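Chain identifiers are assigned alphabetically (A, B, ...) following the order of the sequence lines, protein sequences preceding nucleic acid strands; residue numbering begins at 1 within each chain. Quick caveat, the model's predicted, so the values are computed rather than measured. The basis for the numbers below is simple: all heavy atoms, side chains too, and nothing from hydrogens, waters or symmetry mates.
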Amino acid sequence: MELLSNLAVGFAHVFQPGDFLMLVIGIIVGMAVSIMPGLGFVMGVVLALPFTYRMGIEPAIILLTAIYFSGTYGGAFTTILYRIPGEPSDVPLLWDGYVMARREGAAKPLGWALVAAFIGGLVSSVVMVVLAGPLTDIALKFSSEDYFAAIFFGLTTVVSLAGKSLINAVISLCLGLLIASVGVDSTYGASRFTFGVPLLRDGIELVPILVGMYGLGEVFKRLGQGLTLDRSQASGGRIKTYLPSLREIFRIRGAIVRSSVIGTLLGIVPGAGATITSFICYGTEKQYGKRKEKLGTGVPEGIVAPQIGSTASVAGHMMPMLTLGIPGSASTAVILAAFLLHGVQPGPMMLTDPSMRVVVYSIFASMFVSIIGMCLIGFFWIRIVVKVLSLPQSVLNTIVVLFCLVGAYAARNSLGDTWMIVVFGALGYLFEKFDFPIAPLVLGAILGPIGEQNFMRSMIVSHGSLGAFFQQPLSAALMAASFISVLYPLVKNNLALFRRRPA
Amino acid sequence: MRSSGVCPRGQQTLRAVEKDDDRRSVAVSHSPSPPAEKGGVRENATRVADGRERPGVQSDEPNGPEARTTWREILPYGISAIVAAWLYHVSDGFAESGMPGRIGPDAWPKIALGLMFFVSCLGMIKVWLKMRGTLAPTRANSDMQALNPPQLYPRLVWIAVLATVAYVWAWQVLGYFLSTILYSLVLMLIGRQRHPVVLLCGSVGFAVFFLFLFMKVVYVALPLGERPFSQVSLALMSLLGIR
C-alpha cells in the first residue's frame with residue numbers, strides 16, 4: 001500500500017507543468033536522435049546533460065529518462081522503413097521488420113514495434129518498482145567491502161560485455177579510473193596527476209568526459225566515415241502505424257513473455273545494454289520459439305522479441321543505478337552523472353530520505369507516462385518525427401558540435417571545461433578508430449571515486465589485507481562472479497581463436 | 001558484434017560473411033576496388049583508401065599494407081604501456097602524503113596503472129602472434145559492419161579537430177557570435193556541404209539561435225570577445241533584447 005501511495009504522489013508530480021513539459025520534450029528528442037543513424041539515445045542523453053544544470057533534479061532526471069526510453073523505440077522506424085538501423089540494438093529488427101514491411105507495407109511492422117515497446121517498457125517498469133524497495137533494504141546492509149565488490153562486479157561485467165576485445169576494454173577501464181583519480185585524493189588530500197596545472201587541481205568534471213567522448217568523438221568519427229543516408233531501400237507505402245489485433249498479440253504470447261523476462265533480468269546486469277539484450281531475445285526466440293523456423297521471413301515474433309528486449313532493458317538498468325548507485329549502461333551512467341551534478345549520490349539512502357523518495361517515485365511514475373507518451377507520439381506523429389532524416393548530415397553534425405561545446409561551457413562558465421571537451425572529443429575519436437570501447441572508460445570515471453573510497457576504507461580497516469573482500473558471503477560471491485565474468489569469455493575466445501589457427 | 005551461440009540468425013549471417021569475405025579477399029587482390037556493400041548506408045567504393053587491410057589479403061612487401069596495419073595495431077598498446085609506466089613512476093611521489101604502515105594515496109592509481117601496463121603488453125603479444133599467423137583475424141557481422149563503416153577521410157577529422165581548437169581559442173578574441181559563424185561555415189564545408197544558401201543561413205542562423213538560447217533563455221554569459229569584435233556581440237544582444 002505504501003508503494004502505491006508513493007507512486008500516486010509520483011504521478012501527481014509528473015503531471016505538474018514543469019515535469020510534464022520535460023517529459024514530452026524528452027520523448028520527442030529521444031525519438032528524433034534515435035531515428036538519426038549515428039546519433040542514438042546515448043548521445044541524446046549526453047547532449048541534454050549540460051542543460052540539466054539549471055533545472056531541479058526531478059525535471060532533469062525525468063527529461064533524461066524520457067530520452068532514454070523513447071530512444072529505444074525511435075530507431076525502429078528507420079530500420080523498418082529504410083533498412084537503416086538507428087541503433088545497434090535495432091539490427092535484429094532488420095531481419096523480420098524490414099522483410100515484413102517490403103511484403104505487406106510498413107504499417108503492420110511499425111504496429112508490432114509499438115506494441116512490443118509498450119509491453120516491454122510496462123512490464124520492466126512494474127518489476128523495477130516492485131523490486132526497488134527490497135533491493136534498497138539489501139543495499140542498506142552493505143558494508144564497504146560489499147559495496148566495493150558490487151562496483152567491481154559492475155565494472156568487470158561492463159568490460160567483459162563491451163566490444164570485441166577484452167584487452168581494449170580493460171585498458172579503457174583503467175584510463176577511466178586514472179581520469180577519476182586526477183585531482184585531490186579524498187582520503188589523504190594528496191594532489192595526484194595535477195602536474196602543477198590549476199585546472200586539474202579540482203579534478204576532471206564528468207560533463208566534458210561524457211559530452212566529449214560520446215558527443216564530439218562520435219561527430220568526428222562520422223566526418224571521417226563520410227556517411228550519406230541511402231534511402232533507396234525504402235520499404236514503400238505510407239508511413240503510418242497499424243496496430244495488431246488482440247488475437248494476433250495473444251497468438252505470440254510465448255515470445256512476449258520470454259522476451260519480457262529476459263529483457264528485464266538482463267537489464268539488471270551492468271554492461272548488458274539494449275544491444276546485447278535485443279540480440280539475445282531474438283536468438284532465444286530463434287532457438288525456442290514456436291515458429292522458430294520462420295524467423296527471418298517477416299514474422300511478428302522477429303519484431304516483438306528484440307524490441308521488447310531493448311525497451312525492457314531500460315528499467316532494468318535504472319534499478320541498480322537508483323538503488324545501488326551502480327549504472328548498468330552508458331545512458332544510466334549519464335543519468336547518474338546528472339544526479340551527481342545536483343549533489344545527490346544515488347543509492348539506498350535515496351529511498352530512505354523522505355525528500356528524495358518523492359523524487360525517486362516521480363522518476364518511476366515518469367517511466368510509465370513516458371511509455372504511453374512515446375507510443376502515442378509514435379502512433380500519431382511518426383510522419384513528422386521521421387522528417388528529421390531530411391536534415392543534411394553536415395548541418396546535423398554542426399548542430400551537435402555546437403550543442404556539445406556550448407553545453408560544456410554553460411555548466412560552470414569555464415573555458416577550461418570546453419578545452420577538456422575538445423581533448424576528450426579527440427580521444428573519443430581515437431578510441432573509435434582503434435576499436436577501444438568508450439563505456440568502460442566512462443563507467444570507470446564515474447564509479448572510480450566511490451570504488452576507491454570503499455576500497456581504501458576496507459583496506460585501512462583490515463590493515464591492508466585483500467582477504468577482507470572474500471570474508472563476507474555477499475562480497476565473496478560478487479568477487480567470484482566478477483572473476484568468472486572476465487575469465488570465461490577470455491578463455492572461451494582464446495580457445496576458439498587457437499582452434500581456428502590457419503593452416 | 002559477434003554472436004556467441006545465442007543468436008543463430010547472427011551465426012548464419014556470420015558464416016555467410018566469412019564465405020563472402022574469402023571470395024572478396026581474392027577479388028580485392030585482383031581488382032582495383034572492392035564491390036560496395038549494401039546495408040542501407042551508401043559507402044564509397046574505394047574502401048581501402050585509408051590503407052585498411054581486409055582480412056586475408058596477403059602482401060609480400062615488408063612495408064606493405066599488412067605490415068603497416070600491424071604497426072598501426074601495436075601502436076595504441078605501445079603508447080598505453082609507455083604512459084602507464086611513466087605515470088606509475090610519477091605516482092611514487094604520492095606515497096609521501098600517506099601514513100606509514102598504511103595503504104597510501106598511490107595505491108589505487110598504481111593498481112590501475114599496473115593492470116594497464118600488463119594488459120597493454122598482452123595486447124602487443126596478441127598482435128605479434130597475429131602477425132606470425134598463430135592467431136586468425138576476427139571477422140565482423142555484416143549487419144553490424146554496415147553500422148560502422150571504415151574511416152575514409154581521416155584527414156578531414158584532424159582538420160575538424162584543429163578547427164575546433166581554433167574555434168574555442170577564438171571565443172575570447174572574436175566573441176561567441178562571430179567565431180560560431182566562422183566555425184559553422186568551416187564545419188559544414190568539411191562535412192561536404194556546398195550549397196551557398198545553406199552555408200550562409202546555417203552559419204548565421206546557428207550563431208543567432210545559440211546566442212539567444214543560452215544568453216536569453218538559459219542565462220549563460222557567453223564570451224563577447226575583445227574590441228572591436230565585442231561591439232558586434234553587444235549590438236546583436238541589444239537587438240535580441242538580451243541585457
More than 12 heavy atoms of other residues, nucleotides or ligands under 6.0 Å from CZ of Arg155(B): yes or no?
no
Quick check on Tyr53(A): does its OH atom have over 12 non-hydrogen neighbours (other residues, nucleotides or ligands) under 6.0 Å away?
yes
Side chain, backbone, both or neither of [X] within contact of chain B (heavy atoms, under 4.5 Å):
| X | result |
| --- | --- |
| Val401(A) | side chain |
| Ile421(A) | neither |
| Phe220(A) | both |

Heavy atoms only, distances under 4.5 angstrom: which of [options] has the most pairs with chain B? Name it, please.
| options | result |
| --- | --- |
| Met459(A), Arg192(A), Met456(A) | Arg192(A) |
| Phe455(A), Phe403(A), Tyr429(A) | Tyr429(A) |
| Val422(A), Val423(A), Asn413(A) | Asn413(A) |
| Asp185(A), Ile171(A), Val170(A) | Ile171(A) |
| Asn168(A), Thr187(A), Asn397(A), Leu216(A) | Asn168(A) |

With side-chain contact (heavy atoms from CB on, under 4.5 Å) as the criterion, how do Leu402(A) and Phe209(B) come out once you've worked through the C-alpha distance, each side chain's angles and the decisive distance to 0.1 Å?
CA-CA 11 Å; Leu402(A) 291 175; Phe209(B) 172 73; over 6 Å; no
[X] versus chain A, the contacting section by heavy-atom distance below 4.5 Å:
| X | value |
| --- | --- |
| Val90(B) | side chain |
| Val83(B) | neither |
| Thr180(B) | side chain |
| Leu87(B) | both |
| Phe117(B) | neither |
| Leu222(B) | both |
| Ser184(B) | both |
| Trp169(B) | both |

[atom1]-[atom2] distance between [X] and [Y], expressed to the nearest 0.5 angstrom:
| X | Y | atom1 | atom2 | answer |
| --- | --- | --- | --- | --- |
| Arg457(A) | Ile103(B) | CZ | CD1 | 13.5 Å |
| Arg194(B) | Ser394(A) | CZ | OG | 9.0 Å |
| Asp106(B) | Ser181(A) | CG | OG | 11.0 Å |
| Arg192(B) | Gln393(A) | CZ | CD | 10.0 Å |
| Leu156(B) | Leu223(A) | CG | CG | 7.0 Å |
| Ile79(B) | Leu430(A) | CD1 | CG | 8.5 Å |

Can you give me the closest heavy-atom contact between [X] and [Y], atom names plus distance?
| X | Y | value |
| --- | --- | --- |
| Leu115(B) | Cys174(A) | CD2-SG, 3.7 Å |
| Pro109(B) | Leu178(A) | O-CD2, 4.0 Å |
| Trp108(B) | Gly448(A) | CZ2-O, 3.9 Å |
| Val406(A) | Phe210(B) | CG1-CD2, 4.0 Å |

Determine the option with the most heavy-atom pairs under 4.5 angstrom with chain A, choosing from [options].
| options | result |
| --- | --- |
| Val161(B), Leu189(B), Leu199(B), Val198(B) | Val161(B) |
| Val168(B), Leu75(B), Ile190(B) | Val168(B) |
| Val119(B), Thr164(B), Leu113(B) | Val119(B) |
| Leu213(B), Ile111(B), Val157(B), Leu122(B) | Val157(B) |
| Tyr183(B), Tyr176(B), Tyr77(B) | Tyr77(B) |

Does Phe51(A) have its ring centroid less than 6.0 Å away from the ring centroid of Phe214(B)?
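Centroid distance Phe51(A)-Phe214(B): below 6.0 Å, so yes.
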When the ring centroid of Phe195(A) is compared with that of Trp86(B), is the distance short of 6.0 Å?
yes
What verdict does the side-chain contact (heavy atoms from CB on, under 4.5 Å) test give for Phe434(A) and Arg72(B), after you've listed the backbone C-alpha separation in whole Å, the side-chain angles of each residue and the deciding distance to 0.1 Å?
CA-CA 9 Å; Phe434(A) 290 104; Arg72(B) 201 169 150 272; 4.0 Å; yes
So, the side chain of Tyr409(A) versus the backbone of Ala221(B): is there a donor-acceptor pair under 3.5 Å, distance only?
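Confirmed, Tyr409(A) side chain pairs with Ala221(B) backbone.
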Relative to each other, are the rings of Phe94(B) and Phe193(A) parallel, tilted or perpendicular (30° and 60° limits)?
perpendicular
